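Just below is one structure, and these are the notes that go with it.
Note: hydrogens, waters and symmetry copies are ignored here, and every other heavy atom, side chains too, is used. Note that the structure is a prediction, hence the values are computed from the model and not measured.
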Amino acid sequence: MKKPWKILKTMKSIQENSKNKTIILTGMMGAGKSTVGAVLSRMLKLGFLDLDNLIEKTQNLTIPEIFKLYGEEKFRNMECETICSINPGQKLVISTGGGVVESKKNIEKLREIGRIYYLSAPYDVLYERIKDDTKRPLLITKDPKKALKEILERRKMKYECADFKINTENKTAREIAEEITGIYEKINS
């Protein structure tokens, strides 16, 4: 657990950072980033940007189609280009794709843009939420359950480096958005 002085010092540096108006949601597939992001943007009257949706619109292809036609590496390059096109200091809620943390450059750029909130949930909860979703290219395997577990294990430490961690288990999108709103209002008052 962080010591109170360290938390206060962190809060002070956050308050002094003018780029705080942007909320960036990260986490595994099934964590609720897109759903929570939409609710949060309405609650705080901020713009909403879903990176995966933006990539789909600019490429005129779905994420599974991009993976099938060009592969994951090309998709990750598109993701990085999209992130790099966002200017810091905007009042936005940004929902990222689950793999955004795979690139150090992405994380560095996201830190310039705003504060990162990791929406976390245990593996079994994530699996229950997405087990019937056929639009997850990384889970189109013989054993999607095993694939999800491996992806989570590989990314977990990268997610943990977020500014804030929000547990989404047994919470509605509204409850999660309210929790983030509480943090947002404290650091931006």
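- In terms of modelled atom types and a separation under 3.5 Å, the side chain of T35 and the main chain of G32 share no donor-acceptor contact.
- Checking side-chain atoms of E175 against main-chain N and O of T172 turns up a donor-acceptor pair under 3.5 Å.
- The CZ atom of R174 sits 8.0 Å away from the OG1 atom of T181 when rounded to the nearest 0.5 Å.
- A chain of hydrophobic side-chain contacts below 4.5 Å, direct or via other Ile, Leu, Val, Met, Phe, Trp or Tyr residues, connects I183 to L40.
- One distance of note links OG1 of T82 with CG of L54; it measures 5.5 Å at 0.5 Å rounding.
- D50 contributes no side-chain N or O that, together with a main-chain N or O of S34, makes up a donor-acceptor pair within less than 3.5 Å.
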(Q) Please evaluate residues K21 and L46 with respect to the criterion side chain to side chain contact (heavy atoms under 4.5 Å, CB included), reporting the C-alpha separation (whole Å), side-chain torsions for both, the decisive distance (0.1 Å), and the verdict. (A) CA-CA 9 Å; K21 299 295 182 184; L46 300 175; 5.8 Å; no
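- Here the straight-line distance linking atom CD1 of I83 with atom CG of L110 works out to 4.5 Å at 0.5 Å rounding.
- Between the side chain of K33 and the main chain of G27, a donor-acceptor pair closer than 3.5 Å is present.
- A 4.5 Å side-chain heavy-atom check between I151 and M29 finds at least one atom pair inside the cut-off.
- Annotation: the span from I113 atom CD1 to N87 atom CG amounts to 8.5 Å, rounded to 0.5 Å.
- Under a 3.5 Å cut-off, the side chain of R115 and the backbone N or O of T22 do not form any donor-acceptor pair.
- In this structure a side-chain-to-backbone donor-acceptor pair under 3.5 Å is missing from Y127 to K149.
- Taking N60 as the reference, nothing meets the side-chain contact (heavy atoms from CB on, under 4.5 Å) condition, with sequence neighbours excluded.
- Placement of V125 and Y159 in two distinct hydrophobic clusters is found when ILVMFWY residues are connected by side-chain heavy-atom separations under 4.5 Å, directly or transitively.
- In terms of the side-chain contact (heavy atoms from CB on, under 4.5 Å) criterion, residue partners of A162 (sequence neighbours excluded) are, by chain and number, I116, Y118.
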Q: May I have the step-by-step check of side chain to side chain contact (heavy atoms under 4.5 Å, CB included) for M28 and S120, ending in yes or no?
A: CA-CA 7 Å; M28 279 293 288; S120 90; over 6 Å; no
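- Within 6.0 Å of the NZ atom in K158, the count of heavy atoms belonging to other residues, nucleotides or ligands exceeds 12.
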Q | Check against salt bridge (charged side-chain N to carboxylate O under 4.0 Å, His left out), E153 and K156 | A | CA-CA 5 Å; E153 287 173 9; K156 190 166 176 53; over 6 Å; no
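- Going from atom CG of L61 over to atom CG of L69 covers 6.0 Å, rounded to the nearest 0.5 Å.
- The shortest non-hydrogen separation linking V100 to N106 is O-ND2, 3.2 Å.
- Follow the hydrophobic side-chain contacts under 4.5 Å out from M43 and you never reach I94; the two are in separate clusters.
- Hydrophobic clustering places I130 together with L152 (ILVMFWY residues linked when any side-chain heavy atoms are closer than 4.5 Å, directly or through intermediates).
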Q | Verdict with supporting geometry, R76 and E79, salt bridge (charged side-chain N to carboxylate O under 4.0 Å, His left out) | A | CA-CA 5 Å; R76 297 295 171 209; E79 189 174 56; 3.1 Å; yes
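- Within the 4.5 Å cutoff, the side chain of K131 has no heavy atoms near those of the P144 side chain.
- For the pair R154 and E150, the salt-bridge criterion is not met [side-chain N within less than 4.0 Å of a carboxylate O].
- Remark: of the listed residues L44, V39, V93, L25, L25 is the sole one forming a side-chain contact (heavy atoms from CB on, under 4.5 Å) with I180.
- Between the side chains of R129 and T168, at least one donor N or O sits under 3.5 Å from an acceptor N or O.
- Using a 4.5 Å cut-off between side-chain heavy atoms of Ile, Leu, Val, Met, Phe, Trp and Tyr, with links allowed through other members, L119 and F48 fall into the same hydrophobic cluster.
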Q: Report the C-alpha distance between K109 and S85 in whole Å, list the side-chain angles of each, state the deciding distance to 0.1 Å, and finish with yes or no for side chain to side chain contact (heavy atoms under 4.5 Å, CB included).
A: CA-CA 10 Å; K109 180 62 179 172; S85 72; over 6 Å; no
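- Of the possible donor and acceptor atoms, one in the side chain of K171 sits under 3.5 Å from a partner among the backbone N and O of N167.
- In plain terms, the two heavy atoms of K145 and Y123 that are nearest each other are CG-OH, 2.6 Å.
- Within the 3.5 Å criterion, the main-chain N or O of I63 finds a donor-acceptor partner in the side chain of E56.
- Separating the CZ atom in F164 from the CD1 atom in I23 is a distance of 9.5 Å, to the nearest 0.5 Å.
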